[in-house]
Amino acid sequence: MSDPEVVVSAPGKVILFGEHAVVYGRKAIASSLDLRTHLEVHLLPDSTSVTLELPDIHLSKTWQMADLAAARPTDVDLKNPSPPSDQYLAALHRLAGTDADNTDARSLALLAFLYMYTSIHATARRCPAGRFHASSQLPPGAGLGSSAAYCTALAAGLLTMCDVITRQEGKNGADTAWCKDDLEVINSWAFQGERLIHGNPSGIDNSVSTFGGAISFKSGEISAFKSVAQLKILLVNTKVPRSTKVLVQGVRDRYNRLPAIMEPVLNSIEEISCTCEKVLQELGSPTVEIKENTQGKYYQVLEELVDICQCLLNAIGVGHPSLDKVSSITSKHGLHSKLTGAGGGGCALVLLRPDTAADVIDKVTTELRDCGFDVWETAIGARGVSQHS
Ligand SMILES: Nc1ncnc2c1ncn2[C@@H]1O[C@H](COP(=O)(O)OP(=O)(O)O)[C@@H](O)[C@H]1O
Ligand SMILES: C[C@@](O)(CCOP(=O)(O)O)CC(=O)O
Ligand SMILES: [Mg+2]
């Protein structure tokens, strides 16, 4: 089997504070994770077909180029993509073999690929037949932005394949990213892919996956943190399956029923994000000398924010008994946890202090694993979407 012509990867993410509120234009704080989704593109010049291989969701599907070409839209702005028209979306569903109200993993993954492939190749100079293979270190559907990492890797791979963005030669074969303008293009396409998977995404997930590091995000405005790497967290996957699209719609329904109650809750979540932003800026500031005792003060604030935020997320309807179980185990050992991502199961984060004792971490990890949860300590602030030589 030939080596892939293009290999790209994009990181998942953890939302520290602000999930769901960010969909309503409030500020959220998120950071990329050192867990990545890889896309390999294998060109088959003599072939007339395109194959998508998604082993993580046990899916492989092949189309004839002519059928994909027939679905191509005519009015694509490659630098500024727009959502598919109803007619175009219907053509994509026909190619996927799905119907409009499908929210299962396979349908959503196929739609995102077909939309990007047919749109990006609509006006590109070349439209390669080939095999697209996407696999991930991220658990799909668990709140770690697997959909965003998938869409960001797809966008980077397809745009690179079609020479819409400039391939950067890495120094002595090292991994490379793209220039800022090209990253903006990747992010725009990834956001459109997220729209097909999430329904009504804020854009924070694909932005973190594209640019990497830690950011504060509000209505598309991104500001990068200089340093947040010193934040240590445990990630806990309850393995309770859930769909972000369904959860985001559930919050929308509650908002429509009780706007006067939901508005102040969303405002409080935003205040939590703003407070966290100030604390992280001080913790990461090279000029503010963080003494031993003041550091404890900062972490005490973050721990209180974690507890309050979890209660507010329960109030908007995205909690789950498995997440309550994580909170009760961690609080027994003096640690603090909250759901991350859309909630309803999936992952929680546990905030660790620099001086959290190893035996406390071991005890909590064992108790959580005894509940059947996956637990791992992770580094946050990984690099964004990258191209691998
Ligand atoms: N590695 C992957 N392979 C194929 N599809 C994926 C992969 N990762 C994510 N997806 C798509 O993204 C969906 C999960 O997105 P979502 O519900 O937003 O959860 P998450 O919290 O992981 O972003 C999956 O159902 C699937 O459609
Ligand atoms: C719930 C939300 O705030 C984050 C969703 O994260 P995830 O898809 O569950 O990883 C939705 C969004 O911001 O688009
Ligand atoms: Mg998602």
Side-chain angles (χ1 to χ4, degrees), residues 9-30 32-33 35-40 52-61 96 98 102-114 132-154 190-191 193-209 215 217-220 235 237-252 266 269-270 273 309 313 316-318 320 339-349:
S9 72
K13 59 87 191 139
V14 61
I15 293 183
L16 298 177
F17 298 105
E19 48 270 286
H20 288 290
V22 67
V23 176
Y24 296 79
R26 276 39 176 218
K27 181 173 279 190
I29 311 289
S32 55
L33 280 179
L35 298 171
R36 304 181 78 85
T37 296
H38 283 77
L39 175 74
E40 291 181 1
L52 175 65
E53 295 170 345
L54 303 177
D56 300 331
I57 58 169
H58 317 296
L59 177 69
S60 178
K61 199 168 173 75
T98 60
N102 273 130
T103 58
D104 65 284
R106 298 157 71 92
S107 314
L108 297 176
L110 284 172
L111 273 185
F113 171 76
L114 287 165
F132 296 80
H133 181 96
S135 59
S136 186
Q137 300 163 318
L138 292 156
L144 299 183
S146 73
S147 62
Y150 172 68
C151 290
T152 304
L154 276 183
F191 177 64
E194 278 276 84
R195 289 181 73 139
L196 289 168
I197 295 179
H198 274 202
N200 179 30
S202 64
I204 188 170
D205 288 7
N206 47 278
S207 297
V208 177
S209 194
I215 65 170
F217 181 100
K218 179 179 171 111
S219 305
L235 278 178
N237 187 356
T238 65
K239 297 195 268 191
V240 173
R242 85 297 180 269
S243 155
T244 296
K245 185 169 190 172
V246 171
L247 285 154
V248 167
Q249 185 55 50
V251 173
R252 172 63 63 187
L266 298 174
I269 294 177
E270 175 161 56
S273 297
C309 195
L313 290 166
I316 66 172
V318 295
H320 188 275
L339 69 88
T340 185
C347 283
L349 65 85

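Start at 1 and go down the list; that is how both ligands and their atoms are numbered.
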Distance check, rounded to the nearest 0.5 Å: R195 atom CZ versus C151 atom SG?
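One gets 12.5 Å once the value is rounded to the nearest 0.5 Å.
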
Between NZ on residue K13 and OG on residue S207, distance to nearest 0.5 Å: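 Taking NZ in K13 and OG in S207, the distance rounds to 12.0 Å.
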
Give me the atom names and distance for the closest heavy-atom approach of [X] to [Y].
X    : Y    : value
G145 : D205 : CA-OD2, 4.2 Å
I57  : A105 : CD1-O, 3.9 Å
S209 : A149 : OG-CA, 3.5 Å
A153 : L39  : O-CD2, 3.5 Å
A112 : G193 : CB-O, 4.3 Å
T238 : G346 : OG1-O, 2.7 Å

Please classify the [X] to ligand 1 contact at 4.0 Å (heavy-atom distances, strictly less than): side chain, backbone, both or neither.
X    : result
H198 : side chain
L138 : neither
T244 : both

With a cut-off of 4.0 Å, which atoms of ligand 2 are near a heavy atom of [X]?
X    : value
I15  : 4 (C)
R242 : 9 (O)
E19  : 3 (O)
G341 : 6 (O), 9 (O)
G145 : 10 (O)
P201 : 14 (O)
T244 : 5 (C), 7 (P), 8 (O), 9 (O)
V22  : 3 (O), 13 (O)

**Residues E19, L339; criterion side chain to side chain contact (heavy atoms under 4.5 Å, CB included); working and verdict** = CA-CA 9 Å; E19 48 270 286; L339 69 88; 4.0 Å; yes

Would the distance check show the side chain of [X] and the main-chain N or O of [Y] forming a donor-acceptor pair, the cut-off being under 3.5 Å?
X    : Y    : result
D56  : S136 : yes
Y24  : L266 : no
T244 : A342 : no
R26  : K218 : no
S147 : E194 : no
R106 : H58  : yes
H20  : I316 : no
S273 : K27  : yes

4.0 Å heavy-atom contact, [X] with ligand 1:
X    : answer
A142 : yes
G145 : yes
G143 : yes
R242 : yes
T37  : no

- Query: Are any of the side-chain heavy atoms of Q137 and T37 separated by less than 4.5 Å?
  - Reply: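 A side-chain contact is absent here, since even the closest heavy-atom pair is not under 4.5 Å.
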
query = Does the side chain of L108 reach to within under 4.5 Å of the side chain of D104, using non-hydrogen atoms?
reply =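 No, side chains not in contact.
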
Which part of H198 is near ligand 2, with near meaning a heavy atom under 4.0 Å away: side chain, backbone, both or neither?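 Contact part for H198 vs ligand 2: side chain (C-beta onward).
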
For L247, which part has a heavy atom under 4.0 Å from ligand 2: side chain, backbone, both, or neither?
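Neither; nothing of L247 gets under 4.0 Å from ligand 2.
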
Could you tell me, atom by atom, which parts of ligand 1 come under 4.0 Å of a heavy atom of [X]?
X    : value
L108 : 27 (O)
S136 : 1 (N)
A109 : 5 (N), 27 (O)
L144 : 21 (O)
I57  : 4 (C), 5 (N)

Tell me which protein heavy atom sits closest to [atom], plus the residue, atom name and distance to 0.1 Å.
atom                    : result
atom 26 (C) of ligand 1 : A105 O, 3.7 Å
atom 11 (C) of ligand 2 : V23 CG2, 3.8 Å
atom 2 (C) of ligand 2  : H20 N, 4.0 Å
atom 11 (C) of ligand 1 : I197 CD1, 4.2 Å
atom 6 (C) of ligand 1  : Y150 CG, 4.1 Å
atom 13 (O) of ligand 2 : S202 OG, 2.6 Å
atom 22 (O) of ligand 1 : S146 OG, 2.5 Å
atom 6 (O) of ligand 2  : D205 OD2, 3.0 Å

Purely on distance, is any nitrogen or oxygen of [X] under 3.5 Å from one on ligand 1?
X    : answer
D56  : yes
S135 : no
A148 : no
S147 : yes
D104 : no
G141 : yes

Are any of the N/O atoms on G18, whether in the backbone or the side chain, positioned under 3.5 angstrom from an N/O atom of ligand 2?
no

query: Going by distance only, is there an N or O of N200 that falls short of 3.5 Å from an N or O of ligand 2?
result: no

Fill in: N/O/S atom of S147 inside 2.8 Å of the Mg ion (ligand 3), strictly under
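Coordinating: yes.
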
- Could you check L235 against L33 for side chain to side chain contact (heavy atoms under 4.5 Å, CB included), going step by step and ending with a plain yes or no? CA-CA 10 Å; L235 278 178; L33 280 179; 3.8 Å; yes

Is it true that K61 and E53 make a salt bridge, defined as a side-chain N closer than 4.0 Å to a carboxylate O?
->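 A salt bridge is absent here (no side-chain N lies under 4.0 Å from a carboxylate O).
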
Q.
So for E194, does at least one of its heavy atoms come nearer than 4.0 angstrom to any atom of ligand 2?
A.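 Contact absent.
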
